[in-house]
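Report on the following structure.
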Amino acid sequence: MTPITEVEGRRVALSNLEKVLHPATGFTKGELLHYYATTADVLLPHLRDRPVSFLRYPDGPDGQVFFTKNVPPGTPEWVTTAEVPRSEGPARMVLVQDLPSLMWAANLVTEFHTHQWVIQEPAMADRLVFDLDPGAPATVVQACEVALWLRERLAADGIDAYAKTSGSKGLHLLAGIRPTPSDQVSEYAKELAMEAEQAMHRLVLHRMTRSLRPGKVFVDWSQNAARKTTATPYTLRARATPTVSAPVTWEEVEACGDVGQLTFQAGDIAPRVQDYGDVLAPLLDRGRAGRLP
């Protein structure tokens with residue numbers, strides 16, 4: 001029988017707690033749930049009001065991995081959902097607004113992916129994102145070089161950027177902006193990606209041309225499109241080990257000389273939050289949002 005846990009007055013079914021999800025370390029579903037429960041204070045503000053796409057891996061990263069964008073069957077009535085406009089017609093998606101909803105969603109075994117806009121203003125982006133994706137033999141070390149260039153370029157336009165690991169092999173750059181149509185944000189991001197390619201042509205690509213990828217960092221600006229989502233800060237990733245999309249300081253980015261320096265697993269996050277707080281907290285302050293030129 002599935003154990004029922006009460007979370008802030010809501011009854012949440014938490015199942016298969018002993019199941020190993022990340023085989024390389026023996027990390028279990030129970031540990032995954034514990035991670036989300038203890039990280040909720042910093043994670044929830046980045047989820048709140050943003051429709052969530054779930055990248056589910058119920059049998060671990062070696063099993064079936066699949067996106068769930070619509071409200072899953074069996075979603076409790078107390079979980080907030082909202083109608084989201086899509087090109088093929090409106091759909092209902094989940095909003096993870098509180099701890100019970102987070103624990104219910106975590107029990108599905110999922111990565112959390114969110115849009116750059118909030119439900120109150122669909123397709124009006126309040127975040128700008130760059131996904132810096134290194135093609136081997138390039139690594140996150142080279143992605144850090146590109147991130148530092150983009151940070152300076154954004155600062156020249158009065159926009160403050162912040163970084164997090166992708167939880168895979170790259171780096172994500174995020175900036176808070178005043179609500180702006182997503183297509184305009186995409187155009188601006190593309191222009192900066194092209195500038196980066198010009199400035200660092202031996203290192204940077206702004207197009208996803210596979211044949212050109214080896215040894216270069218692809219500056220993916222396309223995740224600013226209204227329909228697209230990016231891994232939410234602090235989400236676990238469906239990898240062999242329980243890596244996290246972890247916020248990092250600019251000092252860490254500047255000092256990065258080895259992949260291991262910017263690889264963080266579930267157990268690393270609580271001490272980091274204790275030391276640094278939420279490095280991405282400024283993104284939540286609308287008073288600090290930049291204005292696109």
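Residue numbers count from 1 along this sequence.
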Are [X] and [Y] packed together at the side-chain level, in the sense that at least one heavy-atom pair is separated by less than 4.5 angstrom?
X: Val204; Y: Trp149; answer: no
X: Leu55; Y: His113; answer: yes
X: Val185; Y: Trp221; answer: no
X: Val217; Y: Met200; answer: no
X: Leu154; Y: Asp160; answer: no
X: Phe54; Y: Phe112; answer: yes
X: Met93; Y: Val52; answer: no

List the steps, then state whether salt bridge (Lys or Arg N to Asp or Glu O under 4.0 Å) holds for Arg151 with Glu254.
CA-CA 11 Å; Arg151 177 200 187 193; Glu254 288 165 355; 3.5 Å; yes
Among side-chain atoms of [X] and [Y], is any donor-acceptor pair under 3.5 angstrom?
X: Asp98; Y: Ser101; value: yes
X: Tyr234; Y: Asp278; value: yes
X: Gln223; Y: Asp131; value: yes
X: Asp59; Y: Gln64; value: no
X: Lys228; Y: Ser182; value: no

Count the heavy atoms belonging to other residues, nucleotides or ligands that lie under 6.0 Å from [atom1] of [X], then report whether that count exceeds 12.
X: Arg86; atom1: CZ; result: yes
X: Arg92; atom1: CZ; result: yes
X: Gln274; atom1: CD; result: no

Once side chain to side chain donor-acceptor pair (under 3.5 Å) is applied, do any residues pair with Thr68, and if so which ones, sequence neighbours excluded?
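Thr68 satisfies side chain to side chain donor-acceptor pair (under 3.5 Å) with no other residue.
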I want to know whether Phe218 and Phe130 have ring centres closer than 6.0 Å.
no
Tell me which one of Lys216, Arg202, His206 satisfies side chain to side chain donor-acceptor pair (under 3.5 Å) with Glu197.
His206
Out of Asn224, Asp126, Thr230, which residue meets the side chain to side chain donor-acceptor pair (under 3.5 Å) rule with Gln116?
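Testing each of Asn224, Asp126, Thr230 against Gln116, the sole residue satisfying side chain to side chain donor-acceptor pair (under 3.5 Å) is Thr230.
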Using a strict cut-off of less than 4.0 Å between a Lys/Arg side-chain nitrogen and an Asp/Glu carboxylate oxygen, indicate whether Asp157 and Arg291 qualify as a salt bridge.
no
Taking 4.0 angstrom as the limit, do Lys190 and Glu195 come out as a salt bridge?
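Glu195 and Lys190: not salt-bridged.
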Backbone of [Y] reached by a side-chain donor or acceptor of [X] within 3.5 Å:
X: Thr75; Y: Pro72; answer: yes
X: Thr38; Y: Tyr35; answer: yes
X: Glu31; Y: Thr28; answer: yes
X: Ser186; Y: Gln184; answer: no
X: Arg56; Y: Phe67; answer: no
X: Asp220; Y: Leu132; answer: no

Using a 3.5 Å cut-off and no angle test, enumerate the donor-acceptor pairs between side-chain atoms of residues 237-245 and protein atoms at least two apart in sequence or in another chain.
from   : atom 1 : to     : atom 2 : distance (Å)
Arg237 : NE     : Glu111 : OE1    : 3.1
Arg237 : NE     : Glu111 : OE2    : 3.2
Arg237 : NH1    : Ser166 : O      : 2.4
Arg237 : NH2    : Glu111 : OE1    : 3.3
Arg239 : NE     : Ser168 : OG     : 3.4
Arg239 : NH2    : Ser168 : OG     : 3.2
Thr243 : OG1    : Gly167 : O      : 2.7
Ser245 : OG     : Lys164 : NZ     : 2.7
Ser245 : OG     : Thr165 : O      : 2.7

Check against salt bridge (Lys or Arg N to Asp or Glu O under 4.0 Å), Lys29 and Glu18
CA-CA 6 Å; Lys29 187 173 176 185; Glu18 302 302 318; over 6 Å; no
Is Arg272 close enough and on-axis enough to Phe264, meaning under 6.0 Å and within 45°, for cation-pi?
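Yes, cation above the ring, under 6.0 Å and within 45°.
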